[in-house]
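One structure below.
First listed ligand is number 1; within each ligand, the first listed atom is number 1.
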Amino acid sequence: MHVCGTPQLDMTDGGRDLVYLVTGGCGFLGEHVVRLLLEQEPRLRELRVFDLHLGSWLEALNSGPVQVTPIQGDVTRSEDVVAAVAGADVVLHIAGLVDVWGLVDPEVIYRVNVKGTQNVIEACVQTGTRFLVYTSSMEAVGPNSKGHPFYRGNEDTHYEVVHTQPYPRSKAQAERLVIEANGRKVRGGLPLVTCSLRPTGIYGEGHQLMLDFYRGAQRTGGWLFRAIPPSVEHGRVYAGNVAWMHVLAARELGSRATTMGGQVYFCYDNSPYKSYEDFNMEILGPCGIRILGTRPLLPYFLLFLLATLNAFLQWLLRPLVVYTPLFNPYTLALSTTTFTVQTDKAQKHFGYQPIYDWEDCRDRTVSWIKSRKRCPAPLPHGQEPKVGDPGL
Ligand SMILES: NC(=O)C1=CN([C@@H]2O[C@H](COP(=O)(O)OP(=O)(O)OC[C@H]3O[C@@H](n4cnc5c(N)ncnc54)[C@H](O)[C@@H]3O)[C@@H](O)[C@H]2O)C=CC1
Ligand SMILES: C[C@H](CCCC(C)(C)O)[C@H]1CC[C@H]2[C@@H]3[C@H](O)CC4=CC(=O)CC[C@]4(C)[C@H]3CC[C@]12C
């Protein structure tokens, strides 16, 4: 690992005394955060990993000095959340439903992403936990439904936020709750300190969609077909760097509460600005995949027609089956609207710098994809093996 600019750790108040709670700790990003916390947070005494579905890889983590406590629970159940939060110093609230395909009922997305976040905030207030880092998304801002570009913007860039879809709307609502909760008195009378991190599209080991593109291309003889103009920039960030920003934000929230409290931060690194497909090719190219065409093979209006047809079929088939193609009017809009960030707010406020440089991020992801060539017996319910599984 190439470590660029890891800041000095404040060890002034001695050994391991902190209890952290990570919600959604068994998901794609959550696993990166859990593993990095164990590596990079020397003050950690206990790490509680809360998730609806616990991964068996957690068992292997208990051999070190930190007590790793798996907690099976549901963020929509306030009693589960209160029990998990009680006694924690810091909460990293990562759990959420990611759905831009119409797979999940919008009401369920709201319940998990918004009410779940409200439950986490109330649990902090009730139990006296003072520090909360929330995983928001670039989608809390955009792209908006009008297709306005956001070109290398920052947290202060003026942008018309207009949401029509349940997922981005839920991330914006939850983020607002988290920001508004900053300063609320928690049990014991001290103020809650919160901040919100907004990753762009995350890639890295465990990124299921990248693997799906890889396997799809293998089925067509190693070819992908260009659909998006190469001039459209789509923001991407490596999961390890997203995790590092979480670790650092959590660590610094106490000593920099006045600066960081109630703030939002785009979550970025030095991954190149490219179109969604060209960026994927940075990973899939070294895995033997090629892309056909230097321009989109189909004109935009045909893509739009296809996406609309998919939306119509989804509506038509709804009583019989949940039809969720990758390609719909919203994912078309997402991939054909420029949305990239260029910001140093997190660097200025809490000293964030990516710990993995771009070549490292790329190579780690490439190795992970290649390792998936030798997939063992299928796991139940279409589950994929997890990042740390042996023999892959
Ligand atoms: N994947 C991406 O490109 C981006 C993701 N994000 C955000 O990052 C967070 C993590 O996303 P991913 O790791 O990609 O998704 P993921 O689906 O891999 O992980 C989410 C985790 O939350 C858990 N979870 C879901 N509902 C729950 C509930 N009711 N109670 C407890 N746990 C529950 C899931 O079991 C899963 O382990 C989400 O909040 C998402 O909105 C933000 C920006 C980009
Ligand atoms: C699936 C989309 C690409 C399909 C285009 C095709 C078929 C022409 O190749 C993905 C394009 C943009 C992605 C989203 C984006 O990176 C932002 C996100 C942020 C989040 O918080 C969650 C994930 C996502 C919505 C991400 C999902 C896949 C895309 C829609």
Measuring from the heavy atoms of C26, does anything fall under 4.0 Å of ligand 1?
yes
Among T336, D212, L334, L224, the residue with a heavy atom nearest to atom 14 (C) of ligand 2 is L334
Which ligand 1 atoms, with their elements, are less than 4.0 angstrom from a heavy-atom of T200?
43 (C), 44 (C)
Would you mind checking which non-hydrogen protein atom is closest to atom 5 (C) of ligand 2, with the distance to 0.1 Å?
S335 OG, 3.7 Å
Identify, for atom 29 (N) of ligand 1, the protein heavy atom at the shortest distance, and state residue, atom and that distance.
D74 OD1, 2.8 Å
Of all the non-hydrogen atoms in the protein, which one sits nearest to atom 7 (C) of ligand 2, and at what distance?
F327 CD1, 3.7 Å
State whether a side-chain donor-acceptor pair under 3.5 Å links Q314 with T324.
no
Contact with ligand 2 for K171, non-hydrogen, under 4.0 angstrom:
no
Which protein heavy atom lies closest to atom 8 (O) of ligand 1, and at what distance to 0.1 Å?
T135 CG2, 3.4 Å
Under a 4.0 Å heavy-atom limit, does Y167 contact ligand 2 with its side chain, its backbone, both, or neither?
side chain
Do the charged groups of K115 and E107 touch, with an N to O distance under 4.0 Å?
no
Under 4.0 Å, counting heavy atoms only: does R236 come that close to any atom of ligand 2?
no
Closest protein heavy atom (residue, atom, distance) for atom 13 (C) of ligand 2:
Y276 CE1, 3.9 Å
With side-chain hydrogen bond (donor to acceptor under 3.5 Å, both in side chains) as the test, would you mind laying out the steps for Y159 and H148 before giving the verdict?
CA-CA 8 Å; Y159 191 76; H148 293 156; 5.4 Å; no
If the contact criterion is a heavy-atom separation under 4.0 Å, does D80 count as touching ligand 1?
no
Exercise check, heavy-atom protein proximity under 4.0 Å to atom 26 (C) of ligand 2:
no
Atoms of ligand 1 under 4.0 Å from any heavy atom of V98, numbered from 1 in the order shown, are 11 (O), 15 (O), 40 (C), 41 (O)
Has G206 got any heavy atom lying under 4.0 angstrom from an atom of ligand 1?
no
For atom 24 (C) of ligand 2, which protein heavy atom lies nearest, and how many Å away is it?
E139 OE2, 3.8 Å
Any Y203 heavy atom less than 4.0 Å from ligand 1
no
Among all protein heavy atoms, pick the one closest to atom 25 (C) of ligand 1 and tell me residue, atom and distance.
G96 O, 3.6 Å
I'd like the name of whichever of L52, D51, V237 reaches closest to atom 23 (C) of ligand 1 through any heavy atom.
D51
Applying a strict 4.0 Å limit to heavy atoms, is C267 in contact with ligand 1?
no
Could you check whether atom CZ of F304 has more than 12 heavy atoms from other residues, nucleotides or ligands sitting under 6.0 Å from it?
no
Is R372 positioned over the aromatic face of Y214, cation under 6.0 angstrom from the ring centre and no more than 45 degrees off axis?
no
Among all protein non-hydrogen atoms, which one is nearest to atom 41 (O) of ligand 1, and what is the separation to 0.1 Å?
Y167 OH, 2.6 Å
Nearest non-hydrogen atom to atom 7 (C) of ligand 1 belongs to which of S136, P168, A239?
S136
Please check if the distance between the ring centroids of Y265 and H349 is under 6.0 Å.
yes
Should R16 and E46 count as an ion pair when the cut-off is N to O under 4.0 Å?
no
Within 45° cone and under 6.0 Å: R198 NZ/CZ vs F266 ring
yes
Among all protein heavy atoms, pick the one closest to atom 13 (O) of ligand 1 and tell me residue, atom and distance.
L29 N, 2.9 Å
Protein contact to atom 28 (C) of ligand 2 [nearest heavy atom, distance to 0.1 Å]
L209 CD2, 3.6 Å
